[in-house]
Engineer: 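Can you keep this structure in mind? I'll have questions shortly.
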Amino acid sequence: MTPKHWRILTASWLGWVFDGYEAYALFIVMPFVLKTMLTADMVANKPVYAGLAIGITLLGWGIGGMVGGVLADYVGRKRMMVYSVFFYALFTGMTAFASNFWVFCFLRFITGLAMGSEWSTGVALLAETWPNKARPKGAGFLQSGFGFGTLFAAVAWMVLSQTNPLGENTWRLVFIVGALPAFFCLYIRRAVDESEKWVAAVRAQRWAANGGKSGTGSTKRPFTLTEIFREPESRKRTLLAFLLSLSATVGWWAISALLPGFAVHMAQTLGEATPAVWGLRAALVYTTGAVVAYVLSGFLADMLGRRLFLVFTYAGSLLLTLITYQWTHSIEGLMVASFVNGFFTLGCAYSWMAIYPAELFGSSVRATAASFIFNAARLIAWVFPIVAGTIVKTFGGAPQAATSIGLIYLIGLVVPWFMPETRNQDLPD
């Protein structure tokens with residue numbers, strides 16, 4: 001390990017910190033945004049507009065992630081990271097000056113486009129520069145940035161809401177804070193070098209998804225998004241990893257989105273004096289559990305192997321969903337369950353995406369493959385915040401909705417056995 005490796009981790013980690021900040025800050029301030037921006041005829045449908053603002057951000061995040069991952073394989077990891085961080089910071093800052101709800105949604109969508117491309121770029125850069133033995137741990141540490149970002153958002157809002165400098169418009173300052181990554185671009189430009197593996201692959205024209213020469217018979221570079229589907233083996237890897245990602249993403253959005261409300265409802269039922277506080281506590285405890293998993297995930301993946309780590313992750317997610325929503329009957333017990341739930345359904349369930357896909361594909365398509373696996377699921381899951389209320393009503397309550405949707409984790413008990421074991425193997429060139 002050299003200072004160069006730590007600078008790359010720092011750059012990738014900080015970018016993911018602000019992504020986590022942005023995602024969670026939107027949840028926190030949404031009630032206050034709606035209060036100041038909805039017109040009289042819109043107020044009656046607050047949940048719909050809240051879900052719309054969150055869903056459209058996720059849609060932009062998914063599209064931006066797909067496009068950004070492809071571009072990172074063409075223009076380079078470092079350059080794409082600078083672009084994504086700069087434009088994400090710019091449009092986040094502009095969100096603070098939104099004049100009405102629809103302008104707010106538009107800026108959320110554009111911010112999501114820029115924000116989505118940062119993750120796959122950072123994952124590819126770290127994977128291609130860190131030593132093989134350290135790479136899974138570094139990827140886990142990188143992923144922890146999202147958890148720290150959500151905690152940062154919670155603390156920032158706690159301070160701002162107590163001082164309340166702009167009254168009912170104090171929520172705007174949360175997005176001003178989110179513009180800080182613009183200064184981070186200077187660090188990236190000065191401290192981070194381009195991936196030598198990517199440069200070597202492009203120069204040698206190793207266009208194939210497995211890291212070798214393309215089987216198309218042409219020296220012209222094939223489109224990276226089609227290349228990962230062209231050969232049977234790379235197509236199988238892409239689709240199976242996507243199924244795992246879809247399972248994790250759908251499960252997470254259903255479970256994490258319902259958890260604060262479920263905690264508040266339980267606290268009310270049990271006669272707690274301040275039930276609303278328990279919703280925030282559940283969210284923070286859940287995120288803390290995820291941060292612990294992020295830090296440990298690389299060690300666990302190396303100890304168990306990639307397949308067993310995936311099975312461990314999805315079995316734990318399925319079991320903890322049942323424990324949290326069906327078998328816990330005290331508010332204190334729910335806090336404990338929330339911590340372990342976050343460890344599996346957010347921490348482990350997203351850490352493998354930073355560790356495993358990079359080991360399945362060659363350098364000329366690595367960012368494209370990672371971004372497709374991670375973000376294509378979001379292009380499906382973005383509708384869940386919009387229809388969350390309908391889902392709960394359809395299933396007859398949050399516990400029934402969470403446990404029913406949580407059955408999607410069964411996918412993760414089957415799919416890993418059809419995928420290659422990559423523990424202790426070098427990255428494909």
Side-chain angles (χ1 to χ4, degrees), residues 16-39 42-43 45-61 88-116 145-182 253 256-261 263-264 274-287 346 382 384-386 388-389:
W16 202 223
V17 164
F18 282 100
D19 282 8
Y21 172 91
E22 172 70 21
Y24 195 56
L26 183 60
F27 277 106
I28 293 173
V29 303
M30 185 52 61
F32 307 95
V33 173
L34 299 178
K35 183 178 179 180
T36 58
M37 290 206 157
L38 293 187
T39 60
M42 299 165 71
V43 170
N45 294 310
K46 272 187 180 182
V48 174
Y49 290 108
L52 180 62
I54 295 169
I56 204 168
T57 302
L58 284 177
L59 177 62
W61 203 341
Y88 147 63
L90 174 65
F91 290 111
T92 290
M94 289 178 64
T95 301
F97 303 98
S99 56
N100 60 58
F101 179 76
W102 300 113
V103 173
F104 178 85
C105 286
F106 173 75
L107 290 170
R108 291 292 79 213
F109 178 74
I110 300 299
T111 301
L113 286 177
M115 184 168 58
F146 191 88
F148 281 106
T150 60
L151 295 175
F152 177 35
V155 171
W157 178 244
M158 188 179 300
V159 172
L160 288 171
S161 61
Q162 288 177 355
T163 56
N164 207 27
L166 297 182
E168 64 179 9
N169 283 298
T170 295
W171 63 265
R172 296 179 185 272
L173 295 178
V174 171
F175 295 103
I176 295 294
V177 174
L180 292 176
W253 275 107
S256 68
L258 297 175
L259 183 59
V264 171
T274 54
V277 172
W278 289 101
L280 178 59
R281 287 176 182 173
L284 291 176
V285 168
Y286 178 87
T287 303
L346 178 54
W382 74 277
F384 277 82
I386 299 176

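What you are looking at is a predicted structure, and each value in this text was computed from that prediction instead of being measured.
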Engineer: Hey, which of Val29, Leu166, Asn164, Val159 is the one that makes side chain to side chain contact (heavy atoms under 4.5 Å, CB included) with Leu173?
Structural biologist: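 For Leu173, the side chain to side chain contact (heavy atoms under 4.5 Å, CB included) test succeeds with only one of Val29, Leu166, Asn164, Val159, which is Leu166.
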Engineer: Applying side-chain contact (heavy atoms from CB on, under 4.5 Å) to Phe146 and Val17, what does each step give before you reach the verdict?
Structural biologist: CA-CA 5 Å; Phe146 191 88; Val17 164; over 6 Å; no
Engineer: Looking at CZ of Phe104 and CE of Met30, how far apart are the two atoms once the value is rounded to the nearest 0.5 Å?
Structural biologist: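 One gets 4.5 Å once the value is rounded to the nearest 0.5 Å.
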Engineer: Provide the closest heavy-atom pair for Ala25 versus Val174 in the form atom of the first, atom of the second, distance.
Structural biologist: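 So the minimum-distance heavy-atom pair works out to CB-CG1, 3.5 Å.
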Engineer: Using 0.5 Å steps for rounding, measure from the OG1 atom of Thr57 to the CG atom of Leu26.
Structural biologist: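 Taking OG1 in Thr57 and CG in Leu26, the distance rounds to 5.0 Å.
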Engineer: I need the Phe18 CZ to Phe152 CZ distance, nearest 0.5 Å.
Structural biologist: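 Phe18 CZ to Phe152 CZ: 5.5 Å, rounded to 0.5 Å.
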Engineer: Between atom CE of Met158 and atom OG1 of Thr163, what is the distance when rounded to the nearest 0.5 Å?
Structural biologist: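 It comes to 12.5 Å.
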Engineer: Show the numbers, then the answer: is there a side-chain contact (heavy atoms from CB on, under 4.5 Å) between Val177 and Tyr21?
Structural biologist: CA-CA 10 Å; Val177 174; Tyr21 172 91; 3.3 Å; yes
Engineer: Below 4.5 Å, heavy atoms only, C-beta onward: do Thr170 and Ser161 meet side chain to side chain?
Structural biologist: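 No, too far: nothing below the 4.5 Å cut-off.
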Engineer: Does any donor atom in the side chain of Thr36 or Trp171 lie under 3.5 Å from an acceptor atom in the other side chain?
Structural biologist: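 Indeed, the side chains of Thr36 and Trp171 share at least one donor-acceptor pair under 3.5 Å.
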Engineer: If I take atom CG from residue Asp19 and atom OG1 from residue Thr150, how far apart are they, to the nearest 0.5 angstrom?
Structural biologist: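 It comes to 12.0 Å.
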Engineer: Could you tell me whether Trp157 and Phe32 have their ring centroids closer than 6.0 angstrom?
Structural biologist: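 Yes.
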Engineer: Between Ala96 and Ile176, which heavy-atom pair has the shortest distance, and what is it?
Structural biologist: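 Nearest pair, atom of Ala96 first, then Ile176: CB-CD1, 3.7 Å.
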Engineer: If you look at every heavy atom in Leu34 and Ala50, which pair is closest and at what distance?
Structural biologist: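 Smallest interatomic distance, heavy atoms only, reads CD1-CB, 3.7 Å.
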Engineer: Less than 6.0 angstrom separating the ring centers of Tyr49 and Phe101, yes or no?
Structural biologist: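 Tyr49 vs Phe101: aromatic centres under 6.0 Å.
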Engineer: What verdict does the side-chain contact (heavy atoms from CB on, under 4.5 Å) test give for Leu284 and Leu151, after you've listed the backbone C-alpha separation in whole Å, the side-chain angles of each residue and the deciding distance to 0.1 Å?
Structural biologist: CA-CA 7 Å; Leu284 291 176; Leu151 295 175; 4.1 Å; yes
Engineer: To the nearest 0.5 angstrom, please state how far the CG atom of Leu180 sits from the OG1 atom of Thr92.
Structural biologist: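 Reported to 0.5 Å precision, the distance equals 10.5 Å.
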Engineer: Main chain of Ala263, side chain of Arg281: is a donor-acceptor contact present, judged purely on distance under 3.5 Å?
Structural biologist: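 Judged by distance alone, no pair lies under 3.5 Å.
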Engineer: With distance as the sole test, does Asn100 use its side chain to make a donor-acceptor pair with the main-chain N or O of Val103 at under 3.5 Å?
Structural biologist: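 Indeed, once roles are kept as given, a pair shorter than 3.5 Å links the two residues.
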